[in-house]
J.: 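Provided herewith is a single structure, encoded as structure tokens, for subsequent inquiry.
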Amino acid sequence: APEAVLPEAPQEPGIEEARLQAEDEVQTIPDLVRSACARNPEAMACEIQVGNVWTSLTYAQLLEQVEVRAGRWQTIGLAPGDRVVIVGDNGPEWVVTYLAASFLGGAVVPVDPQTPDDEVARIAEFTSAVALVAASDRLSAVLATGSWQGHLLDWTTGEPLSMVKPVSADTSTSSFQEPDFDAQMEASIIFTSGVRVDPRGVILTHANFIADLLGLSEVQRLGDDDRLLSLLPLHHGLEFTGGLLLSLWSGATATYIDGPLNSRKILQTIRDRNVTALLAVPRILKILLDRVRRLDGAVADGPNAAILQS
């Protein structure tokens, strides 16, 4: 019998082959970002609605902003192994801030934005953090506690407001020089509970996050045409890994909502932005279902139920 001739394979690898290649290449969080940008730089990485206006970043724009901010912080002396506390709400600015510190090889300490100023200072002191990134009023309040000193970096611009050592270089034009660091270095210190009495943080390496991400991606697959609505706090490991990192891995879009959340705003966003994925705790799902039932009444598959089923 004649031998079977395999047809010539397409130039582009299939989805599974691409995933396998990425697993070999992605060892750290910066690797993950660069891989996502290389695959589809013009795809939308994240978006947020502020008021009635939607703003977004493509993967190329995200990488550019991250490297610009990392370059500024490199100039003031931030280096691999330094711990950086960040305090802010979910959104593209949170993503850029975290990734900029991560690109420097820093260990990020994300803190709940509802945390009192004195507790933020205590966490910064407890973790031996060298920098705090937050809104300017928060920076001033933490500085006023007198219990911690370090670099104070503005949440919106990334520019230093106050530094331990004066720096003469112009941080606005500093180019980023990628440092050497490996997957076993600290990526984050995530606090659980009891910070007022006895601060307790869980240290996670880049290898920890990537291993969790690869495992999660096998059971919860997203594609580059998916849009994931981020509702849970990014300072929690669940949303950070299952929301942000999974979106980056998949080339999907992470959608954020500015301001207080309510069921109406969530359902409206799901409908208007064609959201295809949602990571939520049971309580949020129960609230959404309750609203749908109240709106649709006895109709099992009414128009509002269709929003969640689409």
Side-chain angles (χ1 to χ4, degrees), residues 44-58 61-62 65-66 69 85-100 108-117 119-120 123 132-142 153-159 161 190-191 226-248 252-292 294-295 304 307-308 310:
M44 188 185 300
C46 52
E47 62 177 359
I48 188 170
Q49 184 182 29
V50 180
N52 295 321
V53 179
W54 282 93
T55 60
S56 63
L57 292 175
T58 66
Q61 290 169 334
L62 174 63
Q65 289 198 18
V66 167
R69 185 164 295 195
V85 175
I86 69 172
V87 188
D89 295 321
N90 280 20
E93 288 177 347
W94 196 103
V95 177
V96 170
T97 298
Y98 184 101
L99 293 179
V108 184
V109 186
V111 176
D112 185 343
Q114 301 302 316
T115 304
D117 299 324
E119 289 191 35
V120 173
I123 290 173
L132 167 65
V133 192
S136 57
D137 56 344
R138 168 78 76 164
L139 296 176
S140 300
V142 171
L153 305 172
D154 183 73
W155 182 256
T156 303
T157 66
E159 294 290 346
L161 299 186
I190 297 180
F191 278 84
D226 279 308
R227 180 174 266 106
L228 184 145
L229 180 59
S230 180
L231 297 177
L232 303 178
L234 279 167
H235 63 269
H236 287 176
L238 176 60
E239 183 64 38
F240 180 75
T241 306
L244 176 57
L245 296 189
L246 187 60
S247 293
L248 292 170
T253 300
T255 298
Y256 300 99
I257 300 176
D258 183 54
L261 296 178
N262 57 61
S263 58
R264 180 179 180 275
K265 184 181 290 186
I266 294 171
L267 289 172
Q268 185 176 9
T269 302
I270 291 173
R271 181 195 64 195
D272 295 347
R273 305 307 292 175
N274 296 316
V275 169
T276 60
L278 171 68
L279 179 63
V281 294
R283 178 64 176 168
I284 292 179
L285 297 177
K286 184 176 180 181
I287 289 172
L288 293 178
L289 287 173
D290 176 69
R291 182 175 183 86
V292 166
R294 287 187 287 111
L295 290 172
N304 294 286
I307 295 174
L308 296 178
S310 59

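What's counted below: heavy atoms across the whole structure, side chains too, no hydrogens, waters or symmetry copies. Bear in mind the structure is a predicted one, so any value in this text is a computation, not a measurement.
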J.: What distance do W54 atom CH2 and T255 atom OG1 have between them, rounded to the nearest 0.5 Å?
T.: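 That separation rounds to 5.5 Å.
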
J.: Look only at the side chain of Q61 and the backbone of T58, and say whether a donor-acceptor pair between them is shorter than 3.5 Å.
T.: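 Yes, Q61 side chain to T58 backbone: donor-acceptor pair under 3.5 Å.
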
J.: Are side-chain heavy atoms of L288 and L278 found at a separation under 4.5 Å?
T.: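 Yes, side chains in contact.
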
J.: Where do D290 and K286 land on the salt bridge (charged side-chain N to carboxylate O under 4.0 Å, His left out) test, with the steps shown first?
T.: CA-CA 6 Å; D290 176 69; K286 184 176 180 181; over 6 Å; no

J.: Kindly give the heavy-atom pair with the smallest separation between S56 and E47, and that separation in Å.
T.: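 So the minimum-distance heavy-atom pair works out to CB-CB, 3.9 Å.
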
J.: So, taking the atom named CD in Q65 and the one named CD in E93, what distance separates them when rounded to the nearest 0.5 Å?
T.: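 It comes to 9.0 Å.
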
J.: Which heavy atom of S136 sits nearest a heavy atom of L161, and at what distance?
T.: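 Smallest heavy-atom distance, with atoms named: CB-CD1, 3.9 Å.
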
J.: Step by step, would you call L246 with L279 a side chain to side chain contact (heavy atoms under 4.5 Å, CB included)?
T.: CA-CA 11 Å; L246 187 60; L279 179 63; over 6 Å; no

J.: What are the two closest heavy atoms between V275 and R227, and how far apart are they?
T.: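 So the minimum-distance heavy-atom pair works out to CG1-O, 3.5 Å.
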
J.: Before you tell me yes or no, could you show the steps for V87 and T115 under side chain to side chain contact (heavy atoms under 4.5 Å, CB included), namely the whole-Å CA-CA distance, both residues' side-chain angles and the distance that decides it to 0.1 Å?
T.: CA-CA 9 Å; V87 188; T115 304; 5.9 Å; no

J.: Hey, could you give me the CG/NE2 distance between D112 and H235, rounded to the nearest 0.5 Å?
T.: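 Going from the CG atom of D112 to the NE2 atom of H235 covers 3.5 Å.
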
J.: Just to verify, which of I48, N90, L231 counts as forming a side-chain contact (heavy atoms from CB on, under 4.5 Å) with I257?
T.: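 Per the side-chain contact (heavy atoms from CB on, under 4.5 Å) rule, the option paired with I257 is L231, out of I48, N90, L231.
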
J.: Is S263 reaching over with its side chain to a backbone N or O of I287, donor-acceptor style, under 3.5 angstrom?
T.: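 Side chain of S263 to backbone of I287, a donor-acceptor pair under 3.5 Å: no, none is there.
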
J.: Given D258, which partner from the list V50, T55, D89 fulfils the side-chain contact (heavy atoms from CB on, under 4.5 Å) test?
T.: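 Looking at V50, T55, D89, the match for D258 under the side-chain contact (heavy atoms from CB on, under 4.5 Å) is V50.
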
J.: I want to check something: taking the side chain as every heavy atom from C-beta on, are R138 and W155 in contact at a cut-off of under 4.5 Å?
T.: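 No - every pair of side-chain heavy atoms lies 4.5 Å or more apart.
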
J.: Are any non-hydrogen side-chain atoms of L57 and V96 less than 4.5 angstrom apart?
T.: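 Yes, side chains in contact.
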
J.: To the nearest 0.5 Å, what is the distance between CG (L228) and OG1 (T253)?
T.: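 Spacing of CG (L228) from OG1 (T253) equals 9.5 Å.
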
J.: Go through the steps to decide whether T97 and V108 satisfy the test side chain to side chain contact (heavy atoms under 4.5 Å, CB included), and finish with yes or no.
T.: CA-CA 9 Å; T97 298; V108 184; over 6 Å; no

J.: Please report the closest heavy-atom contact between S230 and E239, naming both atoms and the distance.
T.: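 Closest approach of S230 to E239, heavy atoms only: OG-OE2, 2.7 Å.
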
J.: Within this structure, what is the CD1-CD distance for the pair I123 and E119, rounded to the nearest 0.5 Å?
T.: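 Going from the CD1 atom of I123 to the CD atom of E119 covers 6.5 Å.
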
J.: With the side chain counted from C-beta on, respond yes when L244 and W94 share a heavy-atom pair under 4.5 Å apart, and no when they do not.
T.: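 Yes - at least one pair of side-chain heavy atoms lies under 4.5 Å apart.
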
J.: What are the two closest heavy atoms between L285 and A280, and how far apart are they?
T.: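 Residues L285 and A280, closest heavy atoms: CD2-CB, 4.0 Å.
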
J.: Does R69 reach the main-chain N or O of L99 with its side chain, forming a donor-acceptor pair under 3.5 Å?
T.: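 No; zero donor-acceptor contacts below 3.5 Å.
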
J.: Minimum heavy-atom separation for P92 and Y256, please, with both atom names.
T.: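 Closest heavy-atom pair between P92 and Y256: CD-CD1, 4.0 Å.
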
J.: Quiz question: by atom type and distance under 3.5 Å, do the side chains of D226 and T276 form a donor-acceptor pair?
T.: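 Yes, a side-chain donor-acceptor pair sits under 3.5 Å.
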
J.: Check the surroundings of atom NZ in K265: do more than 12 heavy atoms from other residues, nucleotides or ligands lie under 6.0 Å from it?
T.: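 Yes.
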
J.: Mind checking the CG-CG spacing from L229 to N274? Nearest 0.5 Å is all I need.
T.: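 The distance works out to 12.5 Å.
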
